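Notes follow the structure.
This one's a predicted model, so the numbers in the text were calculated from it and none came from an experiment. The chain is numbered in sequence order, starting from 1.
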Amino acid sequence: MDLTSHTAHELRGLLDHREVTSEELTRAHLARIETVDPRIGAFLTVLPERAVEMARAADRRIQAGEAGPLTGIPLGLKDVLVTKGVRTTCGSRILETFVPPYDATAVARLEAAGAVFLGKLNMDEFAMGSSNENSAYGPVHNPWDLSRVPGGSSGGSAAAVAAREAVAALGTDTGGSIRQPASCCSVVGLKPTYGRVSRYGLVAFASSLDQIGPFARDVQDAAAMLTAISGHDPLDSTSIDAPVPDFAAALTGDVRGLRVGVPKEYFVEGMDREVEAAVRTAIDTLRGLGAEVREVSLPHTEYAVAVYYLIATAEASSNLARFDGVKYGLRVDDGDLLSTYKATRAKGFGAEVKRRIMLGTYALSAGYYDAYYRRAQRVRTLVARDFRAAFGEVDVICGPTAPTPAFRLGEKTDDPLQMYLSDIFTIPCNLAGLPGISLPCGFTAGGLPVGLQLLGAPFTEETLLRAAHAYEQATDWHTRAPAL
Ligand code: GLN
């Protein structure tokens with residue numbers, strides 16, 4: 001039996017009927033990692049002993065009849081989530097030797113659910129990027145075409161799930177870092193509403209935008225992951241104190257009467273024709289299932305990328321000030337304190353992180369704050385208002401996740417602006433704090449995946465998941481696997 005090609009809900013049946021043990025499943029995934037990861041580069045740290053230990057504990061729990069949906073399921077974790085006793089690099093040299101003393105809340109919740117951790121996944125340094133090429137530990141290769149990027153910044157998470165190295169994974173999304181790589185790798189990626197999932201133990205990039213969310217091979221698994229990690233956490237003051245629904249229960253398969261808005265601003269000049277065609281066909285499929293499709297407008301979309309690169313860099317410049325050689329990771333001693341700060345940060349951070357720290361520091365500096373940061377905050381409100389108005393008319397917003405399929409490694413590394421534009425359809429959702437999901441909706445003639453994005457009003461993940469699931473039931477894109 002091929003143990004690496006199943007979803008978590010399929011494996012649940014096999015585990016609970018004792019047709020397979022979690023230990024067997026875990027060993028199969030560790031073997032798969034050994035076979036394919038030298039070509040993919042998704043894992044920064046593999047945890048063979050810990051994974052087998054966790055699997056044995058899960059097997060005991062299954063024996064005792066105490067299994068939940070994720071008990072015994074082998075998962076991967078983006079290396080921006082702190083893990084007690086396990087090195088957490090954030091894809092950066094500056095944290096190459098950092099071993100956190102505690103677990104992120106989302107990680108602890110998965111562990112409490114009985115999941116098995118295979119290891120820590122590659123990413124753009126401090127989650128800054130759209131291609132995973134900003135990792136200090138080398139790029140990740142797209143499992144569908146090894147000469148192409150997997151998207152970013154959660155490139156390792158998306159590639160590991162697509163390449164059958166992990167059943168599901170956690171990633172983070174500040175401006176698209178779950179949805180865009182999910183789209184590039186043909187997996188499901190969900191960015192929850194801001195406040196749905198605790199950010200405690202997520203190493204902060206831009207705190208007002210960051211959210212943790214799942215990667216999975218289908219919507220049902222994404223729903224189970226979301227249920228496991230959601231909920232109030234006193235350790236994150238921005239986490240919402242509201243009951244967590246059983247998201248899997250929302251998957252009724254029925255979208256009759258669902259009002260689907262298609263923003264005219266999400267079909268832009270210069271976008272890839274095959275992407276546009278696949279997304280339009282997907283919208284027709286939703287219509288065929290009984291959804292009512294209509295055009296909507298999000299007029300401030302064109303400002304979102306600029307606003308994001310002011311707010312995200314400003315927050316990053318503040319958040320990353322703590323990496324100075326004193327408390328965490330790398331320290332380059334250089335005589336006095338100030339020189340040590342400088343030497344540590346010069347050696348520890350990569351070019352993109354330095355660019356962002358400089359941009360953010362500039363935007364916040366005296367004399368420029370009003371012109372840049374404050375103005376960006378105002379326009380952020382306008383972007384959020386666009387969505388509020390649209391969600392007065394429709395239940396979900398639907399469009400492409402990214403304007404192009406996965407690009408070639410190296411294609412955009414010399415042109416940061418081109419790279420930033422990969423996120424034009426994903427960034428507005430973060431600015432407004434909304435939930436969003438990307439799911440497979442086709443392939444180009446050259447075999448590259450295309451992703452469909454659905455966005456919802458705050459805390460309407462159930463509606464998003466229901467629509468995504470209904471679409472998935474009507475198509476088979478999610479069942480295809482890359483040949484490796
Ligand atoms: N690609 C975007 C950036 O570079 C988004 C990153 C993210 O969501 N973490 O900032």
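With 3.5 Å as the limit, one finds no donor-acceptor pair spanning the side chains of Thr413 and Glu133. Counting only N and O atoms by type, the side chains of Arg179 and Gln453 include a donor and acceptor under 3.5 Å apart. Side-chain atoms of Thr344 and Asp324 form no donor-acceptor pair, as typed in the model, at a separation below 3.5 Å. Under the 3.5 Å distance criterion, with hydrogens and angles disregarded, no donor-acceptor pair is assigned to the side chains of Lys78 and Ser157. Checked by atom type, the side-chain pair Ser153/Ser177 shows a donor-acceptor distance below 3.5 Å. Side chains of Asp103 and Thr83: no donor on one and acceptor on the other come within 3.5 Å. Remark: the Gln211 side chain and the Thr172 side chain contain no N/O donor-acceptor pair separated by less than 3.5 Å. In this structure, a donor-acceptor pair under 3.5 Å is present between the side chains of Glu315 and Ser208. For the residue pair Asn142 / Arg408, no side-chain donor-acceptor distance below 3.5 Å is found, with atom types taken as modelled. For the residue pair Asn132 and Ser135, no side-chain donor N or O sits within less than 3.5 Å of a side-chain acceptor on the partner. Side-chain N/O atoms of Asp210 and Thr174 include a donor and acceptor closer than 3.5 Å. Ser198 and Asp233 form a side-chain donor-acceptor contact under 3.5 Å, judged by distance and modelled atom types alone. Judged by distance alone, the side chains of Ser317 and Arg356 never bring a donor and an acceptor atom under 3.5 Å apart. Using modelled atom types and a 3.5 Å distance limit, the side chains of His300 and Asp386 yield a donor-acceptor pair.
The aromatic rings of Phe126 and Phe349 lie perpendicular to each other, with more than 60° between the two planes, well past the 30° mark. Using a 30° and 60° split on the angle between ring planes, Phe387 and Phe391 fall in the parallel class, below 30°.
For Lys191, there are no side chain to side chain donor-acceptor pair (under 3.5 Å) partners, not counting sequence neighbours.
Taking the ring centre of Tyr328 as origin, the terminal cationic atom of Arg345 falls outside the region bounded by 6.0 Å and 45° from the ring axis. Cation-pi geometry between Lys412 and Phe407 is satisfied (NZ or CZ under 6.0 Å from the ring centre, within 45° of the ring normal).
Residue Tyr369 qualifies as enclosed at atom OH: its count of foreign heavy atoms under 6.0 Å is above 12.
With salt bridges taken as basic N to acidic carboxylate O contacts below 4.0 Å, one links Glu111 and Arg50. A salt bridge between Arg32 and Glu165 is absent, with no side-chain N of the basic residue lying under 4.0 Å from a carboxylate O of the acidic one.
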